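Below is one structure, written out as structure tokens, with a few remarks after it.
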Amino acid sequence: MKVLVTGAGGFLGAAISRQLIQRGDEVVGFARGAYPELKMVGVTMVQGDLSNIDDVKQAAVGCEMIFHVAAKAGVWGKYDDYYKTNVIGTQNVIAACHDNGIKNLVYTSTPSVVFTGRDENGINESAPYAKKHLCHYTKTKAEAEQLVLNSNGDKLKTVALRPHLIWGPGDNHLVPRIISRGKANKIRLIGSVDKLVDSVYIDNAVAAHLAAANCLKESGCCAGKAYFITNDQPLLMKSLINKILMCDQVAPVTRRMNATVAYGIGTICEIIYGLLGREEEPVMTRFVAKQLSCSHWFDITNAKRDFDYSPKVSIDDGMTVLKEWLRKLGN
């Protein structure tokens with residue numbers, strides 16, 4: 001079938017696009033840049049602005065399904081920028097589905113839509129949306145997810161996936177961020193107690209998206225629902241960070257910071273950066289302080305049951321692949 005992937009130039013979007021090509025689908029990739037490496041594998045790249053409804057509708061012409069992966073991520077920036085991309089952009093994707101008669105929409109969300117700043121120990125999708133958000137990203141993603149799920153109906157089937165901490169070869173966010181800060185000795189473990197955290201290897205995240213898409217087309221039992229997606233192998237935060245650091249032969253992190261102090265520093269940094277109008281991300285924010293000091297592991301029973309999701313690549317096997325990829329990058 002012909003499929004549109006928004007955010008095709010990103011880590012997850014590119015991986016989904018390549019997998020769709022490999023299985024024989026025709027893929028249209030929508031992004032702000034050209035991404036010639038995707039063109040080389042057969043993806044038809046369309047440059048456009050997600051907040052421009054005409055761009056999105058035109059890109060979706062002739063498609064039978066949309067994977068809406070694009071988003072403005074991060075923990076710092078102007079609210080209008082997050083709203084324009086994450087909310088208006090999602091409204092435009094839904095409108096493009098209706099205008100083009102597209103019947104299936106897979107939306108990439110985030111577990112942070114339910115994060116309240118407290119430990120998340122084995123929670124499932126019954127957890128309510130957070131009433132108060134610590135950054136614009138989670139607030140706008142929560143609104144967008146609800147738009148997607150509320151648009152589910154007879155003419156359009158929708159599903160929202162919430163992958164947590166995607167990593168692996170090709171990662172341009174989490175892995176390089178951890179490694180660069182590790183090399184600069186700028187990583188601190190937050191809190192006196194190590195908490196469990198879930199993550200998901202890139203191949204498993206892609207498999208979950210394809211499985212959910214197949215479910216929408218076939219039984220439709222996942223339609224109108226949200227699902228946590230993880231490797232189903234929660235690790236201590238310290239263990240996950242140090243496994244990634246070891247892949248690039250960086251010394252493990254051992255230094256700690258009090259959780260209350262970290263939150264206070266984040267609050268002060270946000271005030272100062274806001275007053276000065278600085279666009280770069282502060283060294284600490286309230287959201288990051290809470291994320292690093294709380295547990296985040298999830299019950300993925302529903303994904304296993306409804307669309308037979310099963311993470312095939314273990315964390316250790318994924319780390320082996322990541323280590324080799326980093327070695328080749330270094331050469």
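Each residue takes its place number in the sequence, starting with 1. Bear in mind the structure is a predicted one, so any value in this text is a computation, not a measurement.
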Assess whether side-chain contact (heavy atoms from CB on, under 4.5 Å) is satisfied between Leu134 and Val75, documenting all intermediate values.
-> CA-CA 9 Å; Leu134 293 176; Val75 297; over 6 Å; no
Is the shortest distance from a Lys or Arg side-chain nitrogen in [X] or [Y] to a carboxylate oxygen in the other one below 4.0 Å?
| X | Y | value |
| --- | --- | --- |
| Lys72 | Asp81 | no |
| Lys312 | Asp203 | no |
| Glu125 | Lys225 | no |
| Arg256 | Asp194 | yes |

Check whether any side-chain N or O of [X] sits under 3.5 Å from a backbone N or O of [Y] as a donor-acceptor pair, and report yes or no.
| X | Y | answer |
| --- | --- | --- |
| Asn258 | Thr260 | yes |
| Tyr83 | Lys78 | no |
| Asp25 | Val27 | no |
| Asn150 | Gln146 | yes |
| Thr6 | Ala70 | yes |
| Asn100 | Ala96 | yes |

Among Leu156, Asn104, Thr158, Leu4, find the residue that satisfies the side chain to side chain contact (heavy atoms under 4.5 Å, CB included) test when tested with Cys97.
->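 For Cys97, the side chain to side chain contact (heavy atoms under 4.5 Å, CB included) test succeeds with only one of Leu156, Asn104, Thr158, Leu4, which is Leu156.
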Among Asp119, Leu196, Thr230, Asp232, side chain to side chain contact (heavy atoms under 4.5 Å, CB included) partner for Trp297 =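 Of the listed options, the one satisfying the test is Leu196.
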Closest contact, heavy atoms only, [X] versus [Y]:
| X | Y | answer |
| --- | --- | --- |
| Asp55 | Gly48 | OD2-CA, 3.6 Å |
| His136 | Tyr82 | CB-CD1, 3.6 Å |
| Val114 | Ala127 | CG1-O, 3.7 Å |
| Gly74 | Tyr137 | O-CB, 3.2 Å |
| Leu245 | Val253 | CD1-N, 4.0 Å |

Does [X] share a hydrophobic cluster with [Y], counting links as ILVMFWY side-chain heavy atoms below 4.5 Å and allowing steps through other members?
| X | Y | value |
| --- | --- | --- |
| Val28 | Val206 | no |
| Leu236 | Met319 | no |
| Val93 | Val159 | no |

Strictly under 6.0 Å, is that where the ring centroids of Phe307 and Tyr227 end up?
->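 Yes, the ring centres sit under 6.0 Å apart.
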When rounded to the nearest 0.5 angstrom, what is the spacing between CD1 in Ile179 and CG in Leu322?
->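 These two atoms lie 6.5 Å from each other.
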When rounded to the nearest 0.5 angstrom, what is the spacing between OG in Ser199 and CG in Asn231?
->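 If I round to the nearest 0.5 Å, the distance is 5.5 Å.
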Inspect the surroundings of CD in Gln249 and state if more than 12 heavy atoms from other residues, nucleotides or ligands are less than 6.0 Å away.
->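 Not buried by this count: 12 neighbours or fewer within 6.0 Å.
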Using 30° and 60° as the class limits, which term best fits the ring planes of His68 and Tyr107: parallel, tilted or perpendicular?
->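 Judged by the thresholds at 30° and 60°, the geometry between His68 and Tyr107 is tilted.
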For the residue pair Phe228 and Phe298, categorise the inter-ring angle as parallel (less than 30°), tilted (30 to 60°) or perpendicular (more than 60°).
->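 If you compare the ring of Phe228 with that of Phe298, the planes turn out parallel.
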Please step through side-chain contact (heavy atoms from CB on, under 4.5 Å) for the pair Leu189 and Arg255, ending with a clear verdict.
-> CA-CA 6 Å; Leu189 299 171; Arg255 301 175 68 180; over 6 Å; no
Partner set under salt bridge (charged side-chain N to carboxylate O under 4.0 Å, His left out) for Asp316, not counting sequence neighbours |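 Result, salt bridge (charged side-chain N to carboxylate O under 4.0 Å, His left out) vs Asp316: Lys243.
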